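Because the structure is predicted, anything quoted here is derived from the model rather than measured.
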Amino acid sequence: MEASSYFVILVIFCCSALPSLTSESELPRGHGEELGKHRDPEGHIPVLYDVPSPLEFWEKYASQRKPVLLKGVAKNFPAYSQWTDEYLRENYGELKVKLEAKVEKDHYPVGEKGLAQDTIRNFLKTYKNQDKYIVSQLPDPMSKEVLVLPCVRCGSFKNRVLEANLWLSSGGTKSLLHKDADNAFNCLLNGTKDWILIDPEHEVNVPMAEEAVSEYGGFSLINVDGVNLQRYPNFAKVPWWYANITAGDCLWLPYGYLHQVRSYGTKNMAVSVLFSRLKEFDSTGCDTAKPEYTPLSEADMVWTYDGVASQTMGNTDPFELNETLVHWCEENKDKQVDAATFLKGLEEMQAMDEEDDAENTAVHDEDILEEISRRVMMILDPTGRGSASCDRLKQLTVAELKAVAEVMSSDPANTEEYEYKHFSPENVRTVIMSVYDKDADRLDLEAFIEQYQDILQGSEKIAREVFEVLDPDNKGYANKKDLEGGMSQVMDMFTPRQIEDPAGVQWEQAQREDEMFRRDAETPMQTHREDSKQSGHSHGEL
């Protein structure tokens with residue numbers, strides 16, 4: 001072939017590539033990159049080296065919903081120096097904690113106590129080389145070695161301590177971009193953490209999953225490892241701040257403040273103490289209070305956890321719940337609340353009119369809401385009058401409000417029975433029937449446990465509990481008659497009895513659509529590169 005022919009081919013190839021080069025150059029800054037690459041940060045959040053007075057803390061930070069980093073203030077916590085792995089194992093090893101994967105919403109690890117449930121002893125034995133992360137309510141016996149900062153130990157804050165949480169991993173954790181329902185002090189005891197923070201005023205440009213219950217907490221649909229600015233162009237407008245936290249630092253995070261966190265270090269451990277969303281601050285007693293750190297065990301914390309029974313992590317703030325109940329009551333002409341009033345309020349909270357995508361889902365949710373209303377009214381109206389007055393609601397004790405909150409907002413992941421809520425009856429049936437040998441009329445225990453763990457990623461503990469139902473005579477196997485007698489009970493064990501939260505479904509759908517959007521947006525040049533890699537030659541070999 002003559003040289004001129006080669007030249008023509010080269011020109012055609014180069015010209016065909018030009019449009020893709022142009023489109024690549026027009027991609028918005030940070031597209032497909034980690035969260036925070038879309039623009040330069042506004043700067044580091046404010047840093048203080050001394051704990052401010054209660055009034056200064058309220059006026060400058062808490063009331064303004066502004067985050068602040070207090071450097072080194074947790075170094076005098078007993079936990080800071082004492083909580084080595086050996087110490088935790090010897091003193092708190094049998095206490096139960098909740099687990100998550102290091103990447104939020106990736107999966108739930110199996111622990112000694114079941115799916116997402118482990119003992120501290122077993123966790124410490126396995127966390128260095130397994131993908132597991134303690135994200136748990138802090139067991140009460142450990143609270144004596146965590147201190148409450150002086151700026152929140154008087155006035156309105158003193159009696160509005162909600163709960164305390166424990167975070168422990170071997171580093172490498174990564175959260176979604178999300179917001180929390182309550183104020184919190186997050187104190188780091190080991191390792192380092194990098195925070196990205198976004199002021200709530202910019203949430204209008206952040207794609208958020210639709211939460212079923214809370215209007216305060218929630219997470220973004222943004223993929224923090226590859227932000228799709230073509231699909232979410234308004235996010236390019238969002239300014240952000242950062243915080244670099246080292247061991248001994250405490251970060252004040254206001255409620256509703258969007259944030260994303262990455263952790264580092266061979267051991268990364270933190271505690272957080274949550275506080276109510278206060279709108280006003282009564283400073284009574286603050287002027288005479290000594291600026292002392294107080295053991296968390298001496299604080300009047302609302303939600304506690306003994307380390308043995310079920311947790312109450314994430315339960316509703318009972319003080320705000322009381323305001324909601326009184327509001328529902330005062331909207332009624334007769335200034336009473338009954339089961340119908342309560343049901344109406346729950347339906348509004350769930351926004352069912354907007355969320356129902358299927359008739360059977362609506363019926364399922366309605367049945368559950370009616371049951372919640374009935375159980376709540378038994379607490380509000382113990383004498384069985386049929387209603388409760390607004391005055392009665394205003395006088396509810398914290399214990400009564402906590403009982404109502406337990407009915408309304410308890411998280412199944414707080415219990416060892418979470419596995420029964422996590423897997424569908426259909427999937428469990430599939431595993432059972434895949435193991436059942438029809439010719440031999442036999443379902444073996446060990447084979448079932450192996451497949452239950454392998455296919456569903458469930459725990460041996462729950463697999464054995466399921467098999468006990470199918471094999472009531474403890475033979476070590478189940479036959480057709482056993483399956484016919486126990487299958488319906490097993491299906492009932494895995495039937496959910498709580499409102500479906502659409503946020504998780506939306507997250508999975510968003511990730512699938514995000515991937516499809518990315519592929520559809522690939523340019524011819526990108527496609528050519530993929531083809532070139534697969535064919536094993538470079539551009540120079542054409």
Side-chain angles (χ1 to χ4, degrees), residues 35-77 80 146-158 160-161 165 167 175 177-203 205-206 216 220 237-264 268 270-281 283 286 289 291-293:
L35 181 69
K37 300 292 186 181
H38 63 290
R39 59 185 289 166
D40 292 337
E42 303 300 303
H44 197 286
I45 65 170
V47 177
L48 300 178
Y49 292 88
D50 295 300
V51 179
S53 69
L55 196 56
E56 178 187 4
F57 175 72
W58 169 255
E59 292 178 346
K60 290 186 177 180
Y61 304 105
S63 67
Q64 303 298 315
R65 291 177 71 184
K66 296 297 182 185
V68 61
L69 182 64
L70 306 184
K71 292 291 293 183
V73 298
K75 289 184 177 180
N76 62 348
F77 289 16
Y80 180 79
V146 175
L147 304 181
V148 183
L149 303 187
C151 57
V152 287
R153 281 305 294 149
C154 68
S156 299
F157 275 119
K158 184 175 182 180
R160 301 297 288 270
V161 184
N165 298 323
W167 315 76
S175 77
L177 177 63
H178 65 286
K179 59 179 180 176
D180 297 331
D182 305 302
N183 295 306
F185 261 122
N186 293 268
C187 298
L188 190 62
L189 304 176
N190 294 93
T192 61
K193 286 189 176 183
D194 291 339
W195 290 57
I196 287 178
L197 302 107
I198 297 173
D199 192 292
E201 68 176 306
H202 301 294
E203 187 180 319
N205 289 317
V206 179
Y216 299 104
S220 170
K237 308 173 186 177
V238 177
W240 61 280
W241 287 255
Y242 69 94
N244 302 132
I245 307 180
T246 58
D249 298 345
C250 291
L251 183 147
W252 170 257
L253 182 69
Y255 73 91
Y257 218 95
L258 284 160
H259 58 286
Q260 194 258 334
V261 188
R262 296 175 189 259
S263 71
Y264 309 92
N268 195 288
V271 292
S272 59
V273 180
L274 279 56
F275 299 84
S276 290
R277 299 182 288 260
L278 296 175
K279 304 298 189 299
E280 299 177 348
F281 183 68
S283 62
C286 289
E292 296 177 338
Y293 290 75

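- In this structure a side-chain-to-backbone donor-acceptor pair under 3.5 Å is present from His259 to His178.
- Between the side chain of His38 and the backbone N or O of Val238 there is at least one donor-acceptor pair closer than 3.5 Å.
- The CG atom of Leu197 sits 9.0 Å away from atom NE2 of His44, with the distance rounded to the nearest 0.5 Å.
- A donor-acceptor pair under 3.5 Å is formed between the side chain of Arg277 and the backbone N or O of Ala181.
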Practice problem: I would like to know whether Leu177 and Ile198 meet side-chain contact (heavy atoms from CB on, under 4.5 Å); could you show each step before the answer? | Solution: CA-CA 9 Å; Leu177 177 63; Ile198 297 173; 4.1 Å; yes
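- Using a 4.5 Å cut-off on side-chain heavy atoms (C-beta onward), Lys60 and Val68 make no contact.
- The minimum heavy-atom distance linking Ala74 with Cys250 is given by the pair CB-SG, 3.7 Å.
- Note that the CH2 atom of Trp58 and the SG atom of Cys286 stand 11.5 Å from one another [nearest 0.5 Å].
- In this structure the side chain of Pro150 never reaches within 4.5 angstrom of the side chain of Pro54, judged on heavy atoms.
- Proximity of a side-chain donor or acceptor of Ser175 to a complementary backbone N or O of Val261 within less than 3.5 Å is detected.
- The two residues Ala184 and Leu274 come nearest to each other via the heavy atoms CB-CD1, 4.0 Å.
- Listed for the Arg39 side chain is a donor-acceptor partner under 3.5 Å among the backbone atoms of Lys237.
- For the pair Tyr242 and Pro41, the tightest heavy-atom approach, listed with the atom from each and the gap, is CD2-CB, 3.8 Å.
- Asp249 approaches Gly72 most closely through the heavy-atom pair OD1-N, 2.9 Å.
- Atom-to-atom distance recorded for Ile45:CD1 and Ile245:CD1 is 6.5 Å, nearest 0.5 angstrom.
- Taking SG of Cys154 as the start and CG of Leu55 as the end, the distance is 9.0 Å to the nearest 0.5 Å.
- Taking all atoms of both residues into account, the shortest heavy-atom contact from Thr192 to Asn268 is O-ND2, 2.9 Å.
- The line from NZ of Lys75 to CG of Leu189 is 12.0 Å long, rounded to the nearest 0.5 Å.
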Exercise. Let me see the working for Leu35 and Trp240 under side-chain contact (heavy atoms from CB on, under 4.5 Å), right down to the final yes or no.
Key: CA-CA 10 Å; Leu35 181 69; Trp240 61 280; over 6 Å; no
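- When side chains are defined from C-beta on, Leu149 counts as touching Tyr293, because their heavy atoms get closer than 4.5 Å.
- Closest non-hydrogen pair, Ala270 versus Lys193, comes out as CB-NZ, 4.0 Å.
- The closest donor-acceptor contact from the side chain of Asp180 to the backbone of Tyr257 lies at 3.5 Å or more, if one exists at all.
- Judged by distance alone, with hydrogens and angles left aside, the side-chain atoms of Asn186 form no donor-acceptor pair with the main-chain N or O of Ser272 at under 3.5 Å.
- Between the CD atom in Glu56 and the CG atom in Asp50 there is a gap of 10.0 Å [rounded to 0.5 Å].
- Within the 3.5 Å criterion, the main-chain N or O of Ser276 finds no donor-acceptor partner in the side chain of Asp182.
- Residues His202 and Pro239 meet the side-chain proximity criterion, which asks for heavy atoms closer than 4.5 Å.
- Residues Leu70 and Cys187 form no side-chain contact, since every pair of their non-hydrogen atoms from C-beta on lies 4.5 Å or further apart.
- No hydrogens or angles considered: a donor-acceptor pair under 3.5 Å links the side chains of Asn244 and Asp194.
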Quiz item: Can you check side-chain contact (heavy atoms from CB on, under 4.5 Å) on Trp195 and Leu253, steps first, answer last?
Solution: CA-CA 11 Å; Trp195 290 57; Leu253 182 69; 4.0 Å; yes
Practice problem: Give the C-alpha distance, both sets of side-chain angles, the deciding distance and a yes or no for side-chain contact (heavy atoms from CB on, under 4.5 Å) between Asp199 and Lys66. | Solution: CA-CA 8 Å; Asp199 192 292; Lys66 296 297 182 185; 3.2 Å; yes
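- Side-chain contact between Pro200 and Arg65 is present, with at least one heavy-atom pair separated by less than 4.5 Å.
- Ring pair Phe57/Phe157 is tilted by interplanar angle, where 30° to 60° counts as tilted.
- The aromatic rings of Phe275 and Trp252 sit tilted relative to each other, their planes meeting at an angle between 30° and 60°.
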